[in-house]
Amino acid sequence: MSHNLLILLPVAVAFFLCIASSIKKRPTLLLSLLGRSTAGLCYIYFVNMFCTARGISTGLGINPITLLFSALLGIPGAMLSFALRLTTYF
C-alpha cells in the first residue's frame, strides 16, 4: 500500500462516518446534500455546454471530485472547481 493511500483511507472513513452520523441526527441534511449536488452539477453541465458552443474547452467534467465539491458547497463549489481548473492554464 502506498503512503498516500494509508493517509487518505482513514480520513475518508472518518469523513463518511461524520456525514452518516449527521444524517442520522438530521435527515433533512440528506435532501440538502442532494439538492446542492444537483444544482452544482447542473451548473457545471450548462457552463460546459455554453463554452463548448463557443469553441472554448473548460476541461472540467462531472466526476466524483466535482460531485463532492458540489455536494458540500453547492454552486460555489462548482465555481471553485472551475477556478481550480483555471489555475492549470497559467
Residue pair I56, F50: steps toward the side-chain contact (heavy atoms from CB on, under 4.5 Å) verdict: CA-CA 9 Å; I56 302 169; F50 178 79; over 6 Å; no

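- Looking at R36, its side chain does come within 3.5 Å of a backbone N or O of A71 through a donor-acceptor pair.
- By the side chain to side chain donor-acceptor pair (under 3.5 Å) test, T58 is found to be paired with N48, residues two or more places apart in sequence or in another chain being considered.
- Sequence neighbours left out, the pairs with a member in residues 60-72 that pass side chain to side chain donor-acceptor pair (under 3.5 Å) are N63-T66.
- Not a single side chain to side chain donor-acceptor pair (under 3.5 Å) links S81 to another residue, sequence neighbours left out.
- Taking Ile, Leu, Val, Met, Phe, Trp and Tyr as members and joining any whose side-chain heavy atoms lie under 4.5 Å apart, directly or through other members, the hydrophobic cluster of Y45 also contains L41, Y43, I44, F46, V47, M49, L60, I62, L67, I75, M79, F82.
- With sequence neighbours excluded, the residues satisfying side-chain contact (heavy atoms from CB on, under 4.5 Å) with L86 are Y89, F90.
- Contact of the L68 side chain with the P64 side chain is not registered, since no non-hydrogen atoms from C-beta on lie closer than 4.5 Å.
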Report all side-chain donor-acceptor pairs from residues 8-35 shorter than 3.5 Å, counting only partners two or more places apart or in another chain.
unit_1 : atom_1 : unit_2 : atom_2 : d
S21    : OG     : L17    : O      : 3.4
S21    : OG     : C18    : O      : 2.9
S22    : OG     : C18    : O      : 3.0

